[in-house]
Number of protein chains: 2
Amino acid sequence: MSKTINIGIVGLGTVGCGVINNLSRNKKNLKKKYGFDYKILGISASNKTKKRPINIEGFNWYDNPLDLTKNKEIDLIIELVGGEKGIAFDLAIETIKNKKGFITANKALISTNGKILSEISSKNSVFFGYEAAVAGGIPIIKTLKSGLFLDKINDIFGILNGTSNFILSRMNSANKSFDEALTEAQELGYAEADPSFDINGMDAAYKLSIISALSFGEFPSLENTSVTGIEKIETIDHKFAKELGYKIKLVGKSTLINGKISKEISPMLVDEDSSLGKVEGVSNVVCINTDYNGTLILEGEGAGEGPTSASVLSDIIDFSQGTKSHLFSKSFEDLTDSVSKIEISNRCYYLRTFLVDQKGSMAKFTSILEKNGISIDQVIQRGGEHLKGEKNSTPVIMLTHPVDTDSINSAFLELINTDLISLNPIFLPVLKDD
Amino acid sequence: MSKTINIGIVGLGTVGCGVINNLSRNKKNLKKKYGFDYKILGISASNKTKKRPINIEGFNWYDNPLDLTKNKEIDLIIELVGGEKGIAFDLAIETIKNKKGFITANKALISTNGKILSEISSKNSVFFGYEAAVAGGIPIIKTLKSGLFLDKINDIFGILNGTSNFILSRMNSANKSFDEALTEAQELGYAEADPSFDINGMDAAYKLSIISALSFGEFPSLENTSVTGIEKIETIDHKFAKELGYKIKLVGKSTLINGKISKEISPMLVDEDSSLGKVEGVSNVVCINTDYNGTLILEGEGAGEGPTSASVLSDIIDFSQGTKSHLFSKSFEDLTDSVSKIEISNRCYYLRTFLVDQKGSMAKFTSILEKNGISIDQVIQRGGEHLKGEKNSTPVIMLTHPVDTDSINSAFLELINTDLISLNPIFLPVLKDD
């Protein structure tokens with residue numbers, strides 16, 4: 001009656017140690033609620049002697065993590081190293097080939113290698129869990145696999161990166177500059193020493209590619225994805241957005257349009273009262289929009305030891321129950337490659353520019369917009385507001401009427417080649433109806 | 001390779017017909033994504049000739065639904081009749097005894113008979129799915145069973161009844177009276193001809209008892225549950241709540257306090273910017289609050305053909321995959337009876353009364369509050385506001401400082417025995433920190 005799952009764990013950073021702690025804390029619970037016991041038969045990491053929050057002396061140490069895949073007694077290997085290639089990839093392949101279960105929190109691995117992983121995990125009929133790879137403690141992977149969404153999903157979108165959401169939240173609520181908010185995030189442990197992937201949108205893009213694959217039956221891919229980070233957002237943008245009833249959030253959105261999929265990561269203006277507008281700090285939120293099942297919204301902690309290790313444990317439980325599912329929503333044979341890029345047409349944009357203080361500049365500026373088919377819904381111009389180093393120009397904020405991306409791009413190119421503006425303008429899409 | 005699930009469906013109202021439509025619409029999807037086919041081998045309902053949105057001529061009709069449980073070819077029976085006893089109960093018992101899978105959307109059945117259903121479904125090792133019984137298209141049952149919450153849940157709460165939320169939303173946003181909003185709900189098909197269970201809190205209480213069982217390992221029970229409906233809320237209450245920065249919502253909340261569980265359904269004041277405050281119309285929301293996994297919030301459609309049938313289909317998929325789980329979070333032997341009632345102590349209350357227009361009434365009124373240990377944080381008194389038929393009294397609204405339930409109850413009893421007030425006062429808890 002009693003079943004024991006033998007586990008190997010690779011990667012012993014915050015999450016790896018968190019998983020070991022969480023397993024140990026819940027040993028009785030796992031037995032009572034799910035009827036299985038576990039043993040950790042081996043652990044491995046790049047550095048054996050590093051100071052860690054747990055004592056690893058009682059565990060079998062493997063210098064080479066790939067040796068864990070050769071241990072016939074091990075049923076399940078948990079990869080918490082990270083990275084799209086290297087040891088994480090090799091470990092995944094060897095684990096699957098050796099017909100063991102595999103669990104990972106590694107979004108880059110799955111996003112980059114979705115096709116091969118789907119193929120070989122299907123061929124070898126093994127369990128492959130990655131609940132922890134997207135949106136921390138939010139069960140978005142299980143929900144998308146659950147069959148609640150057999151009918152067409154129209155779009156899936158959300159706030160998928162906690163670090164950038166923390167930075168944007170602090171710029172907005174505490175009037176901090178981007179650099180001050182980033183420093184604060186780093187001091188609180190919410191941002192890495194190198195936060196590039198969080199702030200340039202890449203982390204969110206990896207995650208979007210995965211939930212898009214589950215929603216629309218394609219292999220995950222960053223191809224045909226438009227990715228814009230939050231680096232160019234100024235504190236002043238939050239102030240004006242607020243005045244217009246919006247907040248600025250880094251949104252990932254995948255939309256089905258006439259059988260094609262538009263994938264986009266961009267700072268967007270979201271209604272301050274919307275599901276995305278009220279998500280502050282390091283939290284994440286995902287909205288799934290359908291015809292038959294309405295809109296489902298899942299909100300929770302996006303990262304951290306607790307939520308991430310809880311997601312890993314929920315995968316271990318699925319493994320223990322023999323849960324079978326395709327790696328993405330369909331079998332390898334039924335998935336498609338990412339189709340050609342399609343842009344969302346006709347949406348409103350927030351435009352912020354610094355117009356040089358010279359006679360006639362506003363007339364010239366608006367005529368460029370008009371020539372490119374952009375018509376203006378609202379304008380705010382404040383003489384008193386200047387950026388440091390931009391004393392001879394005045395911020396002008398506009399909300400456009402619905403317009404297509406090509407018009408925005410051509411207006412942008414024309415504007416940066418004039419002497420009308422002192423800093424490149426920014427155009428942020430306004431998210432409609434979430 | 002190809003598996004066929006043979007299904008019997010009992011109950012052919014909106015949801016029953018919706019399930020048949022949904023299955024038929026997604027026949028290919030079920031095969032491609034989950035590898036199984038299905039056949040409906042029999043249907044049954046109380047009235048064969050009733051006008052229905054689907055043509056039932058092609059199906060085998062059973063006059064006695066219990067005969068479906070004797071058909072050896074049927075693997076799975078779906079009960080969409082409703083009711084805590086009668087045919088729904090008999091069907092559940094006979095299905096389980098005949099070792100077939102059972103799926104239901106019937107919250108009353110599960111809440112009332114949780115103990116016996118847990119015992120016999122465990123003894124017979126059968127699949128028992130009830131995702132559709134709580135919060136429509138929100139996957140709250142699967143999420144609570146998923147193992148994301150192995151560690152202690154502190155409390156679980158939310159808006160669990162769409163009809164009452166619609167009524168409260170319309171009273172608030174369109175300034176309608178309770179009766180007008182109820183009529184509107186009925187006209188839109190959101191409320192039954194007899195809406196008692198929706199507005200008196202019983203429907204929400206059934207649902208709360210189920211998610212509380214899953215969260216805290218007790219048999220579901222309405223015992224020791226404090227249930228207050230929305231019937232006594234006046235349009236004026238929404239107006240004053242708004243002035244104080246709150247909305248009035250029918251909240252179900254189950255809280256673990258020193259090993260005991262407080263279960264309560266009551267209209268409460270919730271912060272207008274909170275997760276509950278934002279949920280309007282027939283939507284539902286559930287918040288799960290933990291130490292290790294933060295707070296997870298699930299929001300979506302609470303009822304209706306689409307969401308409810310989608311939840312039933314997600315259970316059919318679990319059945320097809322051989323998913324095994326306890327009926328509630330633990331095995332029958334490990335579940336406990338509902339423990340003795342414990343009240344939430346020390347919280348703030350909204351108090352609305354109609355004070356008769358006579359000299360000294362305010363002084364007498366406040367001295368009764370003071371005598372009962374209730375101290376006042378905010379007061380609004382508006383001479384111009386009257387209820388129909390309450391011309392000789394003035395509404396007085398107060399927000400109290402934190403106080404225990406006993407003090408509220410004793411003040412209430414004392415007040416209604418004076419001639420100070422013209423209508424029983426209402427005390428609504430203020431929900432903290434959601």
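Numbers restart at 1 for each chain; the letters A, B, ... are given by sequence-line order, proteins then strands.
- Most heavy-atom pairs under 4.5 Å with chain B: of the set Leu30(A), Asp318(A), Asp273(A), Val279(A), this distinction falls to Asp273(A).
- No other option in Gly300(B), Gly137(B), Gly322(B), Ser325(B) has as many heavy-atom pairs under 4.5 Å with chain A as Gly137(B).
- The candidate with the highest count of non-hydrogen atom pairs below 4.5 Å against chain B, out of Lys278(A), Lys142(A), Lys145(A), is Lys278(A).
- In terms of heavy-atom pairs under 4.5 Å with chain B, the best-connected choice from Leu298(A), Leu150(A), Leu296(A) is Leu150(A).
- Using a 4.5 Å cut-off between heavy atoms, Phe328(B) does not touch chain A at all.
- For the set Gly304(A), Ser309(A), Pro139(A), Gly18(A), the count of heavy-atom pairs under 4.5 angstrom toward chain B peaks at Pro139(A).
- Of the possible donor and acceptor atoms, one in the side chain of Ser311(B) sits under 3.5 Å from a partner among the backbone N and O of Gly136(B).
- Using a 4.5 Å cut-off between heavy atoms, Lys324(B) touches chain A through its backbone atoms (N, CA, C, O) alone.
- Within the 3.5 Å criterion, the main-chain N or O of Tyr246(B) finds no donor-acceptor partner in the side chain of Asp271(B).
- Counted by atom type alone, Asp291(B) and Asn154(B) present one or more donor-acceptor pairs between their side chains at under 3.5 Å.
- Taking the six-membered ring for Trp and the full ring otherwise, Phe332(A) and Phe219(A) have centroids separated by under 6.0 Å.
- Ranked by heavy-atom pairs under 4.5 Å with chain A, the first of Leu148(B), Asn22(B), Asn29(B), Thr143(B) is Leu148(B).
- Looking only at heavy-atom pairs under 4.5 Å with chain A, the residue among Lys32(B), Lys33(B), Gln321(B), Arg25(B) that has the most is Arg25(B).
- The one candidate from Phe102(A), Phe128(A), Tyr38(A), Phe127(A) that meets the ring-ring contact (aromatic ring centres under 6.0 Å, His included) condition with Phe319(A) is Phe127(A).
- Looking at Asp151(B), both its backbone and its side chain come within 4.5 Å of chain A, counting heavy atoms on both sides.
- A salt bridge links Lys27(B) with Asp37(B): the distance from a Lys NZ or Arg NE/NH1/NH2 to an Asp or Glu carboxylate oxygen falls below 4.0 Å.
- Using a 4.5 Å cut-off between heavy atoms, Ile317(B) touches chain A through its side chain atoms alone.
- Panel note: side chain Asn289(B), backbone Thr295(B); no donor-acceptor pair is recorded below 3.5 Å.
- The pair Glu272(B)-Lys249(B) fails the salt-bridge criterion, with no side-chain N (NZ, NE, NH1 or NH2) lying under 4.0 Å from an Asp/Glu carboxylate O.
- Proximity to chain B (any heavy atom under 4.5 Å) is restricted, for Asp334(A), to the side chain, taken from C-beta onward.
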